[in-house]
Amino acid sequence: MASIASDMETAPRAQPAWLGDALVLLAIVATALIARLPWFGFPLAGYDEQLYSLIGQAMNQGALPFVEVWDRKPVGLFALFAAAHAVGGPGPEAYQALALLFTVAGGWLTAVLARPLVDRVTAAGAGMLYVLLMTVYGSASGQSEVFHVPLMLAMAVLVRDSAHPNAIRRALVAMLIGGLALQVKYTVAPQCAMFGLWALWGQYRQGASKARLVALAAAFFALGLLPTGLVALYYALAGHWDGFFFANFLSFFDRAPSGAGRLHKDLLLGLVPLAVLAGGGLYAATRLTPPRDRSHYVFIAFWFAACLATAFLPGTVYRYYFAALVPASVLLALLLLDRSGPARWGPLVLVVAGAFALAAPLSLPGELQERAADYDRFAATVAQSSEDSDACIFVFDGPSSLYRLADSCLPSRFVYPDHLNNALERNALGMSQEGEVARILETRPPVIVTADTPLTPQNKEAKALVLETIARDYIELAEIEIGDRTIRAWERRR
């Protein structure tokens, strides 16, 4: 007995599970801070999030999306920005802090989904990869993907194990989460459908009757549509059903597709890192190391296919849409990255280091601070020029955040420049682009903002109206380089 007691005293104590989990979370938080903190306070990280921020702040002042401020994204996305600004103030730091929390949650859930296939250390690497690749694929600040991708991860955690004692209850919660995700971006629908079908298949394999499966399918469908249904009911009762329905469901199909199509050379290049990860993992799973949990790996493969459908659902595809593919790509790659595999630490260290290298050029703090200071000076000049006018400035092409920074009112419910200058939107607004531009110009804006290089195919008639007015009534006030574009502010002649 004494010998056994002595052996027990000298044997290393097992590490508590909570401590291991805490270290994983710490690694993910540290990675998120390194990747995302340089962007804090930078108002030009992306064009779309500037609009979401503007609409969120307008909501806090009583404006109704789709009626007084317009976009075709669901109202849940704007509500997230409204909540962030209500708590954190008008600056971009407010929604960037919320996005940081969502990113950490996404990295943690990626690590949770990795555990059935690899050890805790490799799972931590997967969570770190999620954070870094979301940054690489355009979600370093407040893009919509930073909010809806973690919701998809939460669904995956809940439905993946069809043999769980509470599988049905978990699936019902997952469908409600999916419904909330639909109110962030409707293109998550293929993933929601895949998760629902997986849960139903699991119940079928558990011996559920056809009647029970039909009832479950109906419940899944109802819970998934519940948040959108409640929003629709609100707009109907408020007398704005037509505006809600057009913005959310009709305008999407009225927007003309890009001439480049859904897949072109630049997009293919952007897809390469994720394709290499997913393809390498699938090769390792079929040729080198079979997955510990085959069902779990098959689930991830189906999810990856659904993520592809999400990314390519719109008529025009942008590179940042590929952020939806990040978690499934990382999870498919696990059998290639597993540190207990034949290559040991090599693949995991190489890929994480490569992801850091890809993310680093996007977040150089000094450069971002300098650009933000230039933009602040540009906005201050615009604000000073327009402070004595009752009319609103007009950003025909440029950053929509300028309205807030210049302390300007909004000249139209179409405050996103792309909606009025983009030829692809010509028939997708429910009104004439040229007519709305002409109406705004008639208000005699104190400042008009234009860009020398368009981001999209331009409505030539609308652009001609702006240029003719500038040539006749305006002089150049200030200019700034944003990316590879020169943004100019034109002051009305006094």
Side-chain angles (χ1 to χ4, degrees), residues 29-54 84 88-104 107 128-146 266 269-270 272-273 318-320 322-323 326 352-383 395 397-406 417-418 449-455 477-489:
V29 170
T31 304
L33 292 174
I34 292 170
R36 301 182 70 85
L37 275 186
W39 295 95
F40 261 56
F42 186 62
L44 298 171
Y47 282 98
D48 290 351
E49 67 194 50
Q50 294 177 50
L51 174 65
Y52 308 150
S53 172
L54 202 60
E93 301 92 342
Y95 63 78
Q96 289 165 344
L98 181 62
L100 173 65
L101 295 178
F102 271 74
T103 300
V104 169
M128 294 166 64
L129 268 178
Y130 169 86
V131 171
L132 294 169
L133 291 177
M134 289 296 287
T135 301
V136 170
Y137 282 93
S139 292
S141 181
Q143 192 57 262
S144 62
E145 279 70 18
V146 81
D266 291 340
L269 288 174
V272 166
Y318 298 101
R319 182 176 174 272
Y320 65 84
F322 294 156
V326 165
V352 171
F356 265 110
L358 287 172
L362 304 177
S363 55
L364 299 175
E367 179 185 344
L368 293 179
Q369 290 173 6
E370 183 179 343
R371 289 166 59 191
D374 289 343
Y375 185 47
D376 284 342
R377 287 190 289 269
F378 179 80
T381 301
V382 172
V395 182
D397 194 355
S400 56
S401 60
L402 191 60
Y403 286 114
R404 178 188 66 83
L405 287 173
D418 188 72
V449 179
T450 63
D452 66 335
T453 304
L455 291 173
L477 173 67
E479 67 177 48
I480 184 174
E481 299 293 325
I482 297 179
D484 57 357
R485 305 204 308 159
T486 300
I487 308 297
R488 289 188 173 87

J.: A side-chain contact here means heavy atoms from C-beta on lying under 4.5 Å apart; do Val136 and Pro273 qualify?
T.: no
J.: I'd like to check the salt bridge (charged side-chain N to carboxylate O under 4.0 Å, His left out) partners of Glu481; sequence neighbours left out, ordered by chain and number.
T.: none
J.: Do Pro417 and Val395 have side chains that get closer than 4.5 Å, going by heavy atoms?
T.: yes
J.: Could you check if a side-chain atom of Leu405 sits within less than 4.5 angstrom of a side-chain atom of Phe378, using non-hydrogen atoms only?
T.: no
J.: Would you name the heavy atoms of Ala383 and Ala406 that are closest together and state the gap between them?
T.: CB-O, 3.5 Å
J.: Looking at Gly89 and Ala94, what are the two nearest heavy atoms and their distance?
T.: O-CB, 3.5 Å
J.: Would Leu132 and Leu358 count as a side-chain contact (heavy atoms from CB on, under 4.5 Å) if you check the C-alpha gap in whole Å, the side-chain angles of each, and the deciding distance to 0.1 Å?
T.: CA-CA 8 Å; Leu132 294 169; Leu358 287 172; over 6 Å; no
J.: Work out which heavy atom in Ala451 is nearest to a heavy atom in Arg485; give both atom names and the distance.
T.: CB-NH1, 3.4 Å
J.: Give the minimum heavy-atom separation between Thr135 and Ala35, together with the two atoms involved.
T.: OG1-CB, 3.8 Å
J.: Is the shortest side-chain heavy-atom distance between Thr453 and Thr486 below 4.5 Å?
T.: no
J.: Could you tell me the separation between the CG atom of Leu402 and the CG atom of Leu54, rounded to the nearest 0.5 Å?
T.: 10.5 Å
J.: Decide yes or no for Asp418 and Leu455: does some side-chain heavy atom of the first lie under 4.5 Å from some side-chain heavy atom of the second?
T.: no
J.: Kindly indicate whether the side chain of Leu44, heavy atoms from C-beta on, has any atom under 4.5 Å from the side chain of Tyr375.
T.: yes
J.: Going through the checks in order, is the side-chain contact (heavy atoms from CB on, under 4.5 Å) test met by Leu33 and Leu100?
T.: CA-CA 8 Å; Leu33 292 174; Leu100 173 65; 4.0 Å; yes
J.: Consider side chain to side chain contact (heavy atoms under 4.5 Å, CB included). Of Glu49, Arg36, Gln96, which one does Val146 pass it with?
T.: Arg36
J.: For Ser141, does its backbone N or O pair with a side-chain atom of Tyr95 as donor and acceptor, under 3.5 Å?
T.: no
J.: For Ser401, does its backbone N or O pair with a side-chain atom of Gln50 as donor and acceptor, under 3.5 Å?
T.: yes
J.: Which atom pair, heavy atoms only, marks the closest approach of Ala140 to Trp39?
T.: CB-NE1, 3.5 Å
J.: Minimum heavy-atom separation for Gly138 to Tyr320, with atom names?
T.: CA-CB, 4.2 Å
J.: For Arg488, run the side chain to side chain contact (heavy atoms under 4.5 Å, CB included) check against Val449, Asp452, Ile480 and tell me which one passes.
T.: Asp452
J.: Any side-chain heavy atom of Glu145 sitting closer than 4.5 Å to one from Phe322?
T.: no
J.: If the threshold is 4.0 Å, N to carboxylate O, is there a salt bridge linking Asp374 and Arg371?
T.: no
